[in-house]
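Beneath this line is the structure, given in structure tokens, with notes to follow.
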Amino acid sequence: MSSIAQITFRVLPHEDQSAFDALLASYHSELKPRRVDDVFLVEQMAQSRWKLARINRLEVEVVKQMCGVQNEPKSGNAILAAHILSRNGDAYATLQRWAAAAERTYHRCRRELIRNREMEAKLAAAQANAIMTKFLSGPAAEVPELRNEPKSSFEVNPGGRPRIPDPGPRSQRGAAEL
């Protein structure tokens with residue numbers, strides 16, 4: 001087992017863990033992280049997206065409670081909204097700050113993921129270029145000298161007449177035909 005414990009994001013008790021897991025799986029499927037850092041960035045993106053959805057639900061509850069609308073029985077979001085309102089005079093502004101932070105995290109992770117992909121592509125191109133340069137600058141294989149002269153089976157005698165090479169011993173049949 002690795003010395004670094006894998007931290008799993010857990011949703012709040014009133015939220016659906018399987019819905020978050022499906023969201024995370026869709027991010028993994030779409031973005032296909034290849035390195036450990038990329039996996040971290042994709043998980044941060046999914047968590048930020050989940051937090052944004054949570055903040056939107058809390059914002060609805062805060063506004064309802066500020067307007068005097070009560071839900072019975074109280075949902076988990078309503079309980080959280082009541083707690084935020086009781087502890088903070090400007091709960092709506094607090095939720096907006098949380099949303100802005102989650103959005104920044106999402107976009108920062110996305111930019112970093114894209115930058116990592118671009119760096120990987122540049123590195124792969126540089127490695128391919130280095131291999132091609134090494135291959136092309138290495139010693140060339142010896143190529144035999146080529147001449148543009150047809151091979152001739154005829155040799156020329158000193159008198160300028162072609163001499164036909166002797167085909168070798170004649171067969172009995174060949175001698176009888178002559």
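Hydrogens, waters and symmetry mates play no part in the numbers below; they use all other heavy atoms, side chains included. Everything quoted here is computed from the prediction, not taken from an experiment.
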*State plainly whether the residues Arg57 and Glu15 are in salt-bridge range, i.e. N to O under 4.0 Å.*
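Between Glu15 and Arg57 there is a salt bridge, with a charged N closer than 4.0 Å to a carboxylate O.
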
Heavy-atom closest contact ([X] atom, [Y] atom, distance):
| X | Y | answer |
| --- | --- | --- |
| Ala91 | Leu85 | CB-CD2, 3.6 Å |
| Ile84 | Trp98 | CD1-CZ3, 3.9 Å |
| Leu23 | Ala46 | CD2-O, 3.7 Å |
| Ala102 | Ser48 | O-CB, 3.4 Å |

*Decide whether Val42 and Trp50 are clustered together by the hydrophobic rule: side chain heavy atoms of Ile, Leu, Val, Met, Phe, Trp, Tyr closer than 4.5 Å, transitively.*
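Same hydrophobic cluster.
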
*Under a single-linkage definition using a 4.5 Å side-chain heavy-atom cutoff for Ile, Leu, Val, Met, Phe, Trp and Tyr, are Val11 and Leu95 assigned to the same hydrophobic cluster?*
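Cluster IDs for Val11 and Leu95 differ.
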
*Verify the neighbour count for atom CZ of Arg117: are there more than 12 heavy atoms of other residues, nucleotides or ligands below 6.0 Å?*
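Yes.
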
Mind checking whether [X] and [Y] have side chains closer than 4.5 Å, heavy atoms only?
| X | Y | result |
| --- | --- | --- |
| Ser75 | His14 | no |
| Lys122 | Met119 | no |
| Arg108 | Gln44 | no |
| Leu80 | Leu12 | yes |

*Could you tell me the separation between the CD atom of Glu112 and the CZ atom of Phe40, rounded to the nearest 0.5 Å?*
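So the gap between those two atoms works out to 8.5 Å.
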
*If you measure from CG on Asp16 to CG on Asp21, what distance do you get to the nearest 0.5 Å?*
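Spacing of CG (Asp16) from CG (Asp21) equals 8.5 Å.
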
*For Asn116 and Asp38, run side chain to side chain donor-acceptor pair (under 3.5 Å): C-alpha distance rounded to whole Å, both residues' side-chain angles, the deciding distance at 0.1 Å, then the answer.*
CA-CA 8 Å; Asn116 286 351; Asp38 293 344; 3.1 Å; yes

Do [X] side-chain atoms and [Y] backbone N/O form a donor-acceptor pair below 3.5 Å?
| X | Y | answer |
| --- | --- | --- |
| Glu61 | Ala81 | no |
| Gln65 | Ala78 | yes |
| Ser29 | Ala25 | no |

*Please step through side-chain contact (heavy atoms from CB on, under 4.5 Å) for the pair Met45 and Thr105, ending with a clear verdict.*
CA-CA 7 Å; Met45 290 171 69; Thr105 298; over 6 Å; no

*Using 30° and 60° as the class limits, which term best fits the ring planes of Phe20 and Phe9: parallel, tilted or perpendicular?*
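Phe20 vs Phe9 ring planes: tilted.
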
